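Below is one structure, written out as structure tokens; comments come after it.
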Amino acid sequence: MINIPPSNNKRVVIIGCGFAGLKLARKLKHSGLQVVIIDKFNYHQFQPLFYQVATAGLEPSSISFPLRKIFQHYHDYFIRLAEVQRIEPDKQQLWTTSGLLGYDYLVLAQGAGNSFFGMKNLELGSKPMKSVAEALNLRNNLLRNFEDALAFHSDEEREKFLNLVVVGGGPTGLEVSGALAEMKRYILPKDFPELDQSKITIHLVEASGRLIPSLSEKSSGKAKEFLHRLGVKVLLNTAVKDYHDDLLELSDGTTIHSNLVLWTAGIAGNKIPGLKSGSIGPGNRIFVDRNNRVEGYSNIFALGDIALMKEDRFPNGHPQVAPVAIQQASLLAGNLKRLLTGQPLVPFSYVDKGTMATVGRNLAIVELPYARFYGTFAWFVWMFVHLMSIVGTRNRFIIFFNWFWSYITYDQSLRLIIDPEENKKEQ
Ligand SMILES: Cc1cc2nc3c(=O)[nH]c(=O)nc-3n(C[C@H](O)[C@H](O)[C@H](O)COP(=O)(O)OP(=O)(O)OC[C@H]3O[C@@H](n4cnc5c(N)ncnc54)[C@H](O)[C@@H]3O)c2cc1C
């Protein structure tokens with residue numbers, strides 16, 4: 001049994017302290033509930049900037065924030081570092097890697113992980129980016145790739161190290177391809193002058209007919225134009241089929257010889273067993289009503305990427321983005337307080353404030369409900385919004401400084417390969 005001090009307050013257990021869990025926990029301060037947060041990491045991660053860690057633009061610590069520091073001054077709050085393995089709704093308890101825990105209310109906010117659409121070889125061989133650890137692993141692999149290329153003499157032998165492939169033309173695929181292209185343009189010629197830069201190719205492979213299909217046609221076209229400007233080879237209407245022996249097979253019958261395939265193409269909800277099978281929908285998302293209550297349960301709620309709520313405007317559920325998670329969490333905090341005082345609950349309605357993505361310096365896309373803009377101004381808006389969304393003043397300052405430094409010097413200073421596994425191998 002996980003040791004949590006007894007309390008006169010009812011207990012709400014929040015699984016996951018990502019965008020949704022963090023917002024909810026903060027908003028429940030003074031709610032009269034005992035709050036127990038369980039996460040498998042002891043820090044909150046800012047996923048939108050993972051790609052900058054992966055491409056050596058930012059340190060992992062500047063986009064992560066320790067949970068214990070956030071909740072230092074919260075009364076009747078408890079954090080447990082554990083992975084939830086199973087829910088037992090009938091007994092109002094859950095099993096975790098640290099033991100058993102009871103709850104009065106349960107909130108599922110465990111987000112989503114990678115989906116490889118059943119392609120085992122891609123799951124084994126490609127590099128995803130769904131956690132700080134994966135982003136760091138990607139950085140190691142990327143840098144090691146160029147180091148390894150130097151060991152060979154012929155273009156043929158070097159080819160697989162110099163073909164970098166990004167799978168998935170959503171915002172993350174776009175951002176990481178752009179960052180790689182800028183690395184090729186500004187950093188690699190200085191760091192690796194022995195490599196023939198013309199042989200380094202960044203491929204972006206997308207199964208549908210356009211990039212970021214959630215954007216308007218015009219903005220998708222702009223995204224493609226920006227990538228072309230940076231020299232990224234964009235392959236639309238092309239799906240990946242298999243990946244073995246460093247060969248990526250594509251649906252048009254061609255292959256790309258590559259040692260590094262970045263996976264940004266698919267996600268699926270992080271499944272925790274125990275709920276009725278009828279509660280689970282497509283992509284492992286959990287069906288919830290407009291109060292985020294899991295269908296079939298009175299005291300279990302789900303938020304953010306893991307929740308599948310249908311609104312008239314979103315018949316297949318909301319997009320799996322941070323603003324949905326944050327807005328749902330804010331409303332649920334109010335609704336839990338209403339539950340305690342017997343008031344009627346307020347239904348959720350998503351306010352879509354727009355979408356943005358960046359491709360590189362002075363190249364970004366901002367699409368608001370009534371306006372769209374591209375280029376330098378959009379890039380500054382993108383930077384401002386992301387900077388303001390980061391948890392922690394120190395992190396904001398460090399990121400701002402890093403960005404400013406890169407802007408004026410066209411350089412980054414974080415190209416270190418730090419692999420704890422290497423140490424183990426040596427011992
Ligand atoms: C690379 C990348 C870039 C993105 N860029 C953007 C962007 O630019 N704009 C945008 O709006 N959205 C973006 N997103 C999407 C956005 O990050 C998600 O929509 C958002 O994080 C969802 O919030 P959440 O709270 O539902 O889940 P998450 O933020 O994923 O949090 C889930 C938490 O649950 C924990 N957890 C998972 N399973 C367990 C378990 N079994 N036991 C205990 N803890 C568990 C995890 O450690 C994590 O802390 C991006 C996502 C990625 C991966």
Side-chain angles (χ1 to χ4, degrees), residues 13-25 36-55 63-65 67 79-87 94-98 101 107-115 127-135 138 166 168 170-176 179 212 214 262-274 284-286 288 292 302-308 317-329 332 350 352-358 364-366 382-383 385-386 389-391:
V13 173
I14 304 172
I15 305 177
C17 204
F19 281 101
L22 177 64
K23 186 68 171 183
L24 175 68
V36 180
I37 298 161
I38 305 192
D39 202 300
K40 54 186 178 180
F41 298 112
N42 74 339
Y43 48 87
H44 168 78
Q45 318 181 63
F46 191 77
Q47 301 186 13
L49 292 181
F50 280 173
Y51 83 95
Q52 295 208 1
V53 171
T55 52
I63 59 156
S64 319
F65 204 84
L67 300 182
I79 297 164
R80 292 295 178 263
L81 183 61
E83 186 162 350
V84 179
Q85 296 170 315
R86 182 170 190 82
I87 306 163
L94 37 98
W95 287 96
T96 78
T97 43
S98 298
L101 181 67
V107 180
L108 305 169
Q110 71 266 28
N114 300 299
S115 166
K127 305 283 174 226
M129 203 174 45
K130 280 294 289 177
S131 66
V132 169
E134 285 179 350
L138 199 43
V166 179
T172 305
L174 193 78
E175 288 172 348
V176 78
I212 321 188
S214 57
L262 282 69
W263 184 260
T264 72
I267 61 168
N270 290 320
K271 207 169 172 182
I272 300 178
N284 286 348
R285 291 171 89 181
I286 300 169
V288 294
N292 281 97
L303 295 174
D305 278 5
I306 192 70
L308 204 167
H318 297 106
Q320 286 161 294
V321 291
V324 172
I326 291 168
Q327 289 178 30
Q328 288 184 344
L332 181 62
Y350 177 46
D352 186 357
K353 293 180 186 154
T355 306
M356 56 180 82
T358 182
I365 294 151
V366 174
W382 179 93
M383 283 196 290
V385 170
H386 281 73
S389 313
I390 280 278
V391 179

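Counting starts at 1 for both ligands and their atoms, in listed order. This one's a predicted model, so the numbers in the text were calculated from it and none came from an experiment. Every heavy atom of this structure was used, including side-chain atoms; hydrogens, water molecules and symmetry mates were not.
Note that the CD1 atom of Ile15 and the CG atom of Leu108 stand 5.0 Å from one another [nearest 0.5 Å]. Separation of atoms CG (Leu174) and OH (Tyr51) is listed at 9.5 Å; rounding is to 0.5 Å.
Residues satisfying the ring pair (Phe, Tyr, Trp, His ring centres under 6.0 Å) criterion with Phe19, sequence neighbours excluded, are His44, Phe46. Among residues two or more places apart in sequence or in another chain, the ring pair (Phe, Tyr, Trp, His ring centres under 6.0 Å) test is passed with Phe65 by none. Residues passing the side-chain contact (heavy atoms from CB on, under 4.5 Å) test with Met383 are Trp379, Phe380, Trp403, sequence neighbours excluded.
By the 4.5 Å heavy-atom criterion applied to side chains, Lys130 and Gln47 are counted as neighbours.
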Does ligand 1 have any N/O atom under 3.5 Å from a protein N/O, and what are those pairs and their distances?
{"unit_1": "ligand 1", "atom_1": "11 (O)", "unit_2": "Ala322", "atom_2": "N", "d": "2.9"}
{"unit_1": "ligand 1", "atom_1": "12 (N)", "unit_2": "Ala322", "atom_2": "N", "d": "3.4"}
{"unit_1": "ligand 1", "atom_1": "17 (O)", "unit_2": "Gln47", "atom_2": "OE1", "d": "3.1"}
{"unit_1": "ligand 1", "atom_1": "19 (O)", "unit_2": "Asp305", "atom_2": "OD1", "d": "2.8"}
{"unit_1": "ligand 1", "atom_1": "19 (O)", "unit_2": "Asp305", "atom_2": "OD2", "d": "3.3"}
{"unit_1": "ligand 1", "atom_1": "19 (O)", "unit_2": "Gln320", "atom_2": "O", "d": "3.2"}
{"unit_1": "ligand 1", "atom_1": "19 (O)", "unit_2": "Val321", "atom_2": "N", "d": "3.3"}
{"unit_1": "ligand 1", "atom_1": "19 (O)", "unit_2": "Ala322", "atom_2": "N", "d": "3.4"}
{"unit_1": "ligand 1", "atom_1": "25 (O)", "unit_2": "Phe19", "atom_2": "N", "d": "3.2"}
{"unit_1": "ligand 1", "atom_1": "25 (O)", "unit_2": "Ala20", "atom_2": "N", "d": "2.8"}
{"unit_1": "ligand 1", "atom_1": "26 (O)", "unit_2": "Asp305", "atom_2": "N", "d": "2.9"}
{"unit_1": "ligand 1", "atom_1": "29 (O)", "unit_2": "Phe19", "atom_2": "N", "d": "3.3"}
{"unit_1": "ligand 1", "atom_1": "29 (O)", "unit_2": "Gln47", "atom_2": "NE2", "d": "3.4"}
{"unit_1": "ligand 1", "atom_1": "30 (O)", "unit_2": "Gln47", "atom_2": "NE2", "d": "2.8"}
{"unit_1": "ligand 1", "atom_1": "41 (N)", "unit_2": "Val84", "atom_2": "O", "d": "3.2"}
{"unit_1": "ligand 1", "atom_1": "42 (N)", "unit_2": "Val84", "atom_2": "N", "d": "2.9"}
{"unit_1": "ligand 1", "atom_1": "44 (N)", "unit_2": "Lys40", "atom_2": "N", "d": "3.4"}
{"unit_1": "ligand 1", "atom_1": "47 (O)", "unit_2": "Asp39", "atom_2": "OD1", "d": "2.6"}
{"unit_1": "ligand 1", "atom_1": "49 (O)", "unit_2": "Asp39", "atom_2": "OD1", "d": "3.4"}
{"unit_1": "ligand 1", "atom_1": "49 (O)", "unit_2": "Asp39", "atom_2": "OD2", "d": "2.6"}

